[in-house]
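Comments concern the structure below.
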Amino acid sequence: MILQLAVQGKLTRQWRITNRPELNSKELLEVIKVGKIKVLRESNVKSEKPIKDFDLSEVKFDLPENWVWVRFASAAYICRGGSPRPINNFITDDPDGINWIKIGDTKGVLKYIEECGEKIIPEGLKMSRLVVPGDFILSNSMSFGKPYIMRTTGCIHDGWLLIREVKEAINKDFLYHLLSSPYVYGSFKDSAAGGVVQNLNIEKVRQTLIPLPPLEEQKAIVAIVNQLFAEVEQLEAMTKERIQLKADFVTSALNQLTQATEQDTASQWAFLQQHFGTFFTEKENIKKLREGILQLAVQGKLTRDWRAIRQAQGIPIEHASTLLAKIKAEKEELIKEKKIKKEKPLPEISQEEIPYELPDGWVWCRMGEITTLITDGKHGNCQDEHDSGYYFLSAKDVQKGKLLYDRARQINFKEFSEVHQRTNLEPGDLCIVNTGATVGKTAIALDNELTRKSTFQKSVAVVKILHQFLHIRYLENFIINQTPKLLKKSGGSAINNLLLGDMKRIITPLPPLDEQKAIVEKVNSLMALCDKLEQEIETHQTTQEEWMQSCLREVVEG
């Protein structure tokens, strides 16, 4: 907005009241004309393509008095960079070579280019395209249309446009702001060529109309822009500090909540609720709140009142140790019937492994003890067969708690049958992305025909349980809660992984079955609260953006 107001002359209205430029618009055009001849002579350019006349139909907005519209090529020499061919024959280790300025040399650079990665020998170069300190170069691709000011001498390859302005008529910093403005950038983009990678059309850049004020007003614009940018940066720093303070408060409050004793949990939660409107105004903090809720769930702190009510009413609660014994007995029967495979014994749980104290009636176990299968999908590919009706799902098909079939691959029945023997996906199974960018995403297979015709690539793991003894949503919540710890142990470097062995061995808090159901209900209720908070954030952001856009339109167009 600041740059747009600058190039429209709206930042210097007050300046024009108290200051009169030395040149009027007619005189300014004459200075530009004479200066352009000088620039061409200094650049060793004898002639260039003609500059088109223009009429008022091309003008995008009105200019203040004594400003002029000119074709960019009228006020600057513009040419394309030139790469010697083949470039490998010109690259040299000689420190006296010429700097070879590539797009990659702008990495992390904001305005000035001072250093280059490589040098080349000067033979075969078009010296008219040699850039010197003070020249502008404009990125032709990648960081499309971004201007830089040179502080070194060198040769630019053909990914750059060279711009050498008429110094008698254009202040260098003003030109930098002009080239960075929405008006000029939009003009370049509208005339760009190319699809995925856009390229500047040099002739259209040359013919772009630019607004030019007198030199004294350009300097005044630069001073005002710099002052406003400094204020914006200060505001940005204050905003970041405020967001960080809120994030620190949320982290501290959630830590106190999850580490509180059972007796103190309710008061800590009440304290946190009082500050929802103040501190849970960023989605990152809502994410932390979700994580805190799951931690409270697997610690048994969400169902403290549930247990107290049951105890007061004299309702018996089956101890989880009895539940665990039933699970083990049922698994033994299934092994005898050869319905599931016998697995290696899991190590006993040591006292050092136990992270926190469980409520009465809960027990620690390893996940492998309460699941009948933890496996991943096929370690290899399958041939696509469109419209076969048999699906070969991957990590991308596990989204937002569901298995998605819109873009899922389909394979022939023979390959499906071979892979399905490994995963044996059934309704109620838990599917977990175990590798890649979306690692930890989960979905529970629904009771429908699609589930029975689905299997997986190795990027997805399937967890099976005995549903009469374990609530799959409770186990899902625990796995989501534990995913960060499992990732740390996975050994994955560039690609995150959840190792199946780690999942089988991880110690798991097991509550009684009725309490598992109560936990799931409580978690669902609190996650709905998080959804509501996120929706309020989105609504607030949308309102703010609409308000800001309205203000900008009024300022820029009014």
Side-chain angles (χ1 to χ4, degrees), residues 195-197 283-284 286-287 290 294 373-465 467 471-477 479-481 483 486-487 492 494-498 500 503 520 523-524 527-528 530-535 537-539 541-542:
V196 178
V197 178
K283 287 191 176 182
E284 185 60 32
I286 305 297
K287 179 184 176 185
R290 291 184 191 275
L294 292 181
L373 180 67
I374 299 178
T375 187
D376 56 6
K378 177 179 171 63
H379 288 232
N381 210 347
C382 287
Q383 293 295 318
D384 291 352
E385 183 175 310
H386 300 297
D387 301 323
S388 70
Y390 294 94
Y391 293 91
F392 190 42
L393 304 176
S394 65
K396 68 177 175 58
D397 302 313
V398 181
Q399 297 285 342
K400 298 182 179 178
K402 297 179 181 179
L403 298 178
L404 304 181
Y405 291 87
D406 294 346
R407 295 179 297 162
R409 293 177 56 193
Q410 296 185 46
I411 56 176
N412 63 52
F413 176 73
K414 181 177 181 297
E415 288 190 300
F416 167 79
S417 300
E418 293 171 356
V419 181
H420 193 255
Q421 290 178 3
R422 180 183 180 93
T423 58
N424 189 26
L425 184 66
E426 298 173 302
D429 287 348
L430 177 61
C431 307
I432 310 166
V433 177
N434 65 354
T435 186
T438 59
V439 65
K441 295 281 186 183
T442 61
I444 294 174
L446 299 178
D447 188 1
N448 57 31
E449 194 63 24
L450 282 173
T451 292
R452 296 175 179 87
K453 292 185 174 182
S454 299
T455 190
F456 291 97
Q457 297 178 12
K458 67 175 182 177
S459 59
V460 179
V462 177
V463 178
K464 291 178 172 292
I465 63 167
H467 293 275
H471 198 304
I472 191 64
R473 290 289 182 189
Y474 171 77
L475 188 64
E476 179 186 35
N477 289 335
I479 289 175
I480 293 171
N481 171 258
T483 293
L486 288 167
L487 283 176
I495 299 177
N496 290 325
N497 294 287
L498 286 175
L500 304 186
M503 291 176 63
V520 169
V523 167
N524 289 345
M527 290 303 176
C530 292
D531 292 341
K532 183 181 178 183
L533 290 171
E534 282 190 340
Q535 183 59 50
I537 290 171
E538 289 175 3
T539 301
Q541 287 176 339
T542 300

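These numbers were taken from a predicted model, which means no experiment stands behind them.
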Which residues pass the side-chain contact (heavy atoms from CB on, under 4.5 Å) test with I480, sequence neighbours left out?
L294, T442, E476
All side-chain contact (heavy atoms from CB on, under 4.5 Å) counterparts of T542, not counting sequence neighbours:
E546
Working to the nearest 0.5 Å, report the span between NZ of K441 and OG1 of T483.
11.0 Å
With a 4.5 Å heavy-atom cut-off, do L393 and C431 have their side chains touching?
no
Under the side-chain hydrogen bond (donor to acceptor under 3.5 Å, both in side chains) rule, collect the residues that match up with E534, sequence neighbours excluded.
R290
What pair of heavy atoms forms the shortest contact from L425 to A445, and how long is it?
CD1-CB, 4.0 Å
Measuring from E415:CD to S388:OG, what's the distance to the nearest 0.5 Å?
10.0 Å
Just jot down the side-chain hydrogen bond (donor to acceptor under 3.5 Å, both in side chains) partners of T451, sequence neighbours excluded, or say none.
N448
Student check: side-chain heavy atoms of L403 and V398 closer than 4.5 Å
yes
Has the side chain of N477 got a donor or acceptor atom that lies under 3.5 Å from a matching backbone atom of R473?
yes
May I ask you to test the T455-K378 pair for a side-chain heavy-atom distance under 4.5 Å?
no
Under the 3.5 angstrom rule, does the side chain of Q410 hit a backbone N or O of H386 as a donor-acceptor pair?
no
Keeping to residues at least two apart or across chains, list the side chain to side chain donor-acceptor pair (under 3.5 Å) pairs with something in residues 398-407.
Y405-S454
So salt bridge (charged side-chain N to carboxylate O under 4.0 Å, His left out) across residues 447-464, not counting sequence neighbours, yields E426-K464, D429-K464, D447-R452
Partners meeting side-chain contact (heavy atoms from CB on, under 4.5 Å) with L500 (sequence neighbours left out)
I374, D376, N434, A461, M503
Please identify each residue that fulfils side-chain hydrogen bond (donor to acceptor under 3.5 Å, both in side chains) with K414, with sequence neighbours left out.
E418
Report yes if some heavy atom in the side chain of Y391 is under 4.5 Å from a heavy atom in the side chain of D397; otherwise report no.
no
Could you give me the CA-CA distance, side-chain angles and deciding distance for I479 and I432, then say whether side-chain contact (heavy atoms from CB on, under 4.5 Å) is met?
CA-CA 9 Å; I479 289 175; I432 310 166; 3.6 Å; yes
For the student: nearest non-hydrogen atoms of I465 and H471, plus distance:
CD1-C, 4.3 Å
Answer yes or no: is there a donor N or O on one side and an acceptor on the other, between the side chain of S459 and the main chain of A395, under 3.5 Å?
yes
Treating Q383 as the side-chain partner and N412 as the backbone partner, does any N or O pair qualify as donor plus acceptor under 3.5 Å?
no
Closest heavy-atom contact between C382 and I411?
CB-CG2, 3.6 Å
Side chain of N424, backbone of Q421: donor and acceptor closer than 3.5 Å?
no
With sequence neighbours left out, write down each residue that passes ring-ring contact (aromatic ring centres under 6.0 Å, His included) with H420, or none if nothing qualifies.
F416
Run the side-chain contact (heavy atoms from CB on, under 4.5 Å) test against K283 and tell me which residues pass, sequence neighbours left out.
I537, E538
Between V463 and L373, is the side-chain contact (heavy atoms from CB on, under 4.5 Å) condition met? List the steps.
CA-CA 6 Å; V463 178; L373 180 67; over 6 Å; no
Less than 4.5 Å apart, side chain to side chain, heavy atoms only: is that true for L446 and L450?
no
Under the salt bridge (charged side-chain N to carboxylate O under 4.0 Å, His left out) definition, can you give me all pairs with a residue in residues 379-396, not counting sequence neighbours?
D384-R409
Selection residues 437-458 - residue pairs positive for ring pair (Phe, Tyr, Trp, His ring centres under 6.0 Å), sequence neighbours left out
none
